[in-house]
Each structure stands twice: as structure tokens, then as C-alpha cells.
2 protein chains.
Amino acid sequence: MSVQVLSIKDGHAATAGSVGLPSADLSCLFSRQALERFEPGEAIFWEGDEATHIFEVEDGMLRALRLLGDGRRIIVGFLRTGDLLGVSLKERYLYTVEAISPVQLRRFPRRRFEDEVARDPRLQEQLFSKLRDEMTAAQDQAVLLSRRSAEEKLANFLLLMKERGNSEHRAIVDLPMTRLDIANYLGMTIETVSRTITKLANGGIIAAAGRRSIKVLKMEPLRLLAEGDEGEHWMPPLARPGRYASANA
Amino acid sequence: MSVQVLSIKDGHAATAGSVGLPSADLSCLFSRQALERFEPGEAIFWEGDEATHIFEVEDGMLRALRLLGDGRRIIVGFLRTGDLLGVSLKERYLYTVEAISPVQLRRFPRRRFEDEVARDPRLQEQLFSKLRDEMTAAQDQAVLLSRRSAEEKLANFLLLMKERGNSEHRAIVDLPMTRLDIANYLGMTIETVSRTITKLANGGIIAAAGRRSIKVLKMEPLRLLAEGDEGEHWMPPLARPGRYASANA
DNA sequence: CGAATTATTGAGGACCGTCAAAGTAGGTGG
DNA sequence: CCACCTACTTTGACGGTCCTCAATAATTCG
């Protein structure tokens, strides 16, 4: 396919593949880096710090957050095993990242990362793919936030966490983050998060299994709630209120 | 610093620097393409369409929107002169784009675009930069949507539109989009948008100059509103309610 | 086991969404 | 050129949802 290229940098000769595949995978860049551990609550970096490194999450869950002028806290995303951290940045990190559960990750200098990527079309392709995923996630959050009711938001959140959960076959959704994290991700208060969970539990749609995990009992009603098809299929047979937005063209 | 590398790919030799500037600018790719015109309301492409082209906006304003299952309309962004359209995509467009004002743009086949970019490190750099900008915009919208009050959201929106406005020196903010567009961008209703504008006007912070433009009279109060420092500096001297979110680490 | 943190539940009220109607452009045809 | 029609915007009244404040309950960790 493509001719192998010997890349030379700062006097160091770095083979870009030699015998087997070049650097078949972005992860290969990280695989030789030391494994670092972070305890829950610890920060990996802060919003505004100079963006010197890219990270790959080996294990655990993290939260990315921004602090507003008045002290309000906004969670812009949750990171899990396999996620790359810091690829979408210019000179400075634009959010703080903290460990939620015990975390293991590997770091790679941003400069070298960019050099390596610029050098290998396969890595380029993978990086673009990651960036597009991140874009999609950011837009999905925007869509999520513009959902109207608390129920709708939470239903969507649960489905999101379920899809990305490792135990794919089970109906158990892991929620390592606190209620405050959820609230700050969905743009509501912890009280409303709590009340909405209770409400869904009373409706028989979910069941709280411990505080940090939830079991989905009825998948379809949850999906319908998430799509905005409120009521109609579960507990209180409320009259369906009118529609929200109208098309205009 | 680092040794120049001649990269060879698929038998094509691409100079990474050579004499002059290769294709100095991403825009150069588009400059030879035919200029296309769209009238207000016309769609450039639809969500779900196969993503065959990349576009560069020459003139005018567009909206990018997604339709939810229940017919709700969500505006995920506004595009202006100079913006690239479709770079963050995989196989399919993930939103519909429609002209708001009369629009002129140029299109470029996505395949060729990607080839060209893969070939020239300078274009790569520029593309990454564009992608990062788009990322930042998406995240900023998420932050905007998680703002609490309508006033806060609208103040932020006005400042956003002002910054990106062409008449940088004036206090006039152009709003070519309808109230419905604004509402669907901020996650509220047209009535609330309208009421909030009236409220700001009554407070002497802005003045409506025609239907589609607004004059900012007092910059500082607007900034404070945008930051969540509500009241305190303008009309009704309300008691400041308690804080919303608390830190937790 | 006790202290601190996190989660749940309750009561009250503000804000914004809903429904409804009037007002304003803007455009087309008589 | 004005009348009329349509689309958009503004304003009003009302009710529901969710935020605020507050107290209690459940967990975690020393």
C-alpha cells in the first residue's frame, strides 16, 4: 500500500513500523509509557493549564468539567477506558479532568504525538476518527441539554451510560459518578435528579441496585421517555400536553 | 530543530516545504470551485444524507439543525462567512443545513478533500485547527444550554453574536435568524425569547433596532448578566438568591 | 462506632412553558 | 397604491415543573 518511511527526529531514529505494521494503532504510541494511577477526586490537569500531554485512559472513569464565574460547575463529559484525552486542544486545556473511580492512564507529550501523527497516514485517520467521535459526543450533549423535562434528560442519560457500559448483555447500568456529577452534566439540581430516579423506580421502569448502579426493568418505556413520547405507556395516565416546537419552512 | 522528512505515499511524492508554499491555504482548494447560491429557507443538505461534499461559506448565514423524534427542532449552530461545513463528518451528515439569509458557497468533493489534506501537512494543520474550533463551539453551546435563567442564556447569545459580527467596532448586533431559531438554539420558547428581549430593553441594556438587529447600550451589565451575576447592577434591585451548585472536592 | 459526606424527601414559590389573541412586517395581486 | 394575506413577533393569563431552602436518612471512612 504505502511506502515505509524512516522518520528522524531530533537526532533520534524512530522506526515507524519496520517489519510488521507501521504503528498500527494510536494506542501503540501509549503502550510503552508508564502507567499512572489517580485516586477518586484527584485532578489529572486543570482548565487553563498549558496543554503539554495527551492521555489514554487504561481503566476507570473520569469527569471533564468547567467552572463558571459564579462558581457553577458544568460537567462537559465523562471519560472511560479507551478514551483519548486532550486531542481536541490548542495551547491550553479547556476543562479540568478529575478521576471519579480509581484511574489508570498513560501520558504522551503532545508535541511528539503531533509529530508522530503527521508522519503516519494511518494514525492520522485514527486521530480524525477520534476527533469526530468527540464532536459527536459534544453535540449529543447539546441535544441532551435542550431536552425539556427532567425525565427525558435522565432517561437519555441512562441509555447513554448503558450503551457505553462494559456489561453489554446485562440491564445493569453503572453510575460511578455522584448525583451532583449527573446533575451538573444534565443541567439540573441533585434534588431533581434524585426525585426523577425515584419517580422512574416507582413507575417500575428502573430499580435502584445500590446507590451507584441501576437496573433497567422495562426498556421500551425508557426509550419512549427518552424520545419525548411522554406518558402513554406507564404509570399516571396523564393527558398528553401539546407539542413544543413547530417546524417553520 | 527537527529534520525535514520526505513523505511518500501511494507513489506520489509530496514536498513538505520545498520552495514556495504548496497550497498555502485550505480556502485555495475551494477558490476554483463554482459559486453556488441559496435563498433563505433552502437546504444545502439534510441530516442523514450521504456526506459527499465539504462546503465553504462565501457569504450569508446558515443554520445547522437536528429534528427529534417528536418533531422538536434543535439548532446546533449558526454558520457564517469563512466557516467550513462538513469537516467533522463520517459517512453521513448528522444535521440539516439551511440558508437563513441569501447564501453563497463553494463545494468540494469530500474524497478529494481528504486526499489533498493527507498530502499536505500545512493543510492538515489548518484542518485540525478548524476541527478544534468546531469542538470548542459545540462545547460552548453545551455550556450555554446549561445556563439557568433565560436572561443569562440570551445575554450570552447576544455577546456570542456580537463577537462574531463583522461590524466589530459598532454596538449593533445582527440577528438574521428568526426568534424560533434563537429559541431552538437556546433551548427555550419564542415567547420567552421575546419577553426576555423586551425585559433587557426595558432595563436599558439593549435597544431593539428593527426586528433583525439589536443595539447594545450598556456593555458591562450585559456581561455581568452573561456571567450569572444577576441583578445588582441594573433595574430591579432584587435580593440575590442563593448559589446553585457547590463544589465537592 | 461516630463524623462527614452524599442522597432522599418535603414544602413553598419563581420562572418559564402553554394556550390564546392582538399587533407588525412583508409580499402579492387587484 | 392600497387591501389583503401570511408569517412572524409581541403581550397577556395561567398552570406546572423544577429550583430553593430545610430536615432527615443512608453510606462511607476514620
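Each chain gets a letter, A, B and so on, in the order its sequence line appears, and its residues count up from 1. None of these values were measured; they are calculated from a predicted model.
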A.B. asks: Ring-plane angle category for B:Phe157 and B:Tyr185, please: parallel below 30°, perpendicular beyond 60°, tilted otherwise.
C.D. replies: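 If you compare the ring of B:Phe157 with that of B:Tyr185, the planes turn out tilted.
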
A.B. asks: Specify the separation, in whole Å, of atom CD of A:Glu191 and atom C1' of D:dT20.
C.D. replies: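 Nearest whole value for this atom pair: 8 Å.
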
A.B. asks: If I take atom CZ in residue B:Arg148 and atom C1' in nucleotide D:dT20, what distance separates them, rounded to the nearest angstrom?
C.D. replies: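 Atom CZ in B:Arg148 sits about 11 Å away from atom C1' in D:dT20.
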
A.B. asks: Could you tell me whether the phosphate oxygens of D:dT17, OP1 or OP2, come under 4.0 Å of any side-chain nitrogen or oxygen in A:Ser149?
C.D. replies: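 Indeed not, no polar side-chain atom of A:Ser149 lies that close.
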
A.B. asks: Are any of the side-chain nitrogens in A:Glu91 or A:Arg110 under 4.0 Å away from the carboxylate oxygens of its partner?
C.D. replies: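 So A:Glu91 pairs with A:Arg110 through a salt bridge.
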
A.B. asks: Got a donor-acceptor pair under 3.5 Å from the side chain of B:Glu151 to the base of C:dC16?
C.D. replies: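 Looking at the base of C:dC16, it does not pair with any donor or acceptor on the side chain of B:Glu151 (distance under 3.5 Å).
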
A.B. asks: Is there a side-chain contact between B:Arg211 and the phosphate of C:dA25, meaning an N or O under 4.0 Å from OP1 or OP2?
C.D. replies: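 For C:dA25, OP1/OP2 do have a side-chain N/O of B:Arg211 under 4.0 Å.
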
A.B. asks: Looking at B:Glu152 and A:Arg72, does any basic side-chain N land under 4.0 Å from a carboxylate oxygen?
C.D. replies: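 Counted as a salt bridge, because a side-chain N and a carboxylate O are separated by less than 4.0 Å.
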
A.B. asks: I want to confirm an ordering. Mapping B:Thr198 and A:Ala150 to their closest nucleotides on DNA chain D, which one lands closer to the 5' end?
C.D. replies: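 Comparing both residues, the 5'-ward one is B:Thr198.
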
A.B. asks: What is the distance, rounded to the nearest whole Å, between atom CG of B:Leu200 and atom P of D:dT11?
C.D. replies: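 Nearest whole value for this atom pair: 13 Å.
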
A.B. asks: Hey, does the side chain of B:Arg179 come within less than 4.0 Å of D:dT10's phosphate (OP1/OP2), counting only N and O?
C.D. replies: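 Checking B:Arg179 against D:dT10: at least one side-chain N or O falls below 4.0 Å of OP1 or OP2.
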
A.B. asks: Let me know the distance between CG of B:Leu180 and P of D:dT10, rounded to the nearest Å.
C.D. replies: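 Atom-to-atom, B:Leu180 to D:dT10, this comes out as 13 Å.
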
A.B. asks: Tell me whether the side-chain N or O atoms of A:Arg195 pair up with the base of D:dT20 as donor and acceptor below 3.5 Å, since no angle test is needed here.
C.D. replies: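 A donor-acceptor contact between them is present.
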
A.B. asks: Can you see if the side chain of A:Thr192 gets near the phosphate of D:dC19 - specifically, an N or O under 4.0 Å from OP1 or OP2?
C.D. replies: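 True: A:Thr192 side-chain N/O within range (under 4.0 Å) of D:dC19 OP1/OP2.
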
A.B. asks: Salt bridge or not for B:Glu50 and B:Arg92, using N-O below 4.0 Å?
C.D. replies: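 No, no charged N to carboxylate O under 4.0 Å.
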
A.B. asks: Is the distance from OP1 or OP2 of C:dC16 to the nearest side-chain N or O of B:Thr189 less than 4.0 Å?
C.D. replies: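 False: B:Thr189 side-chain N/O out of range (4.0 Å or more) of C:dC16 OP1/OP2.
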
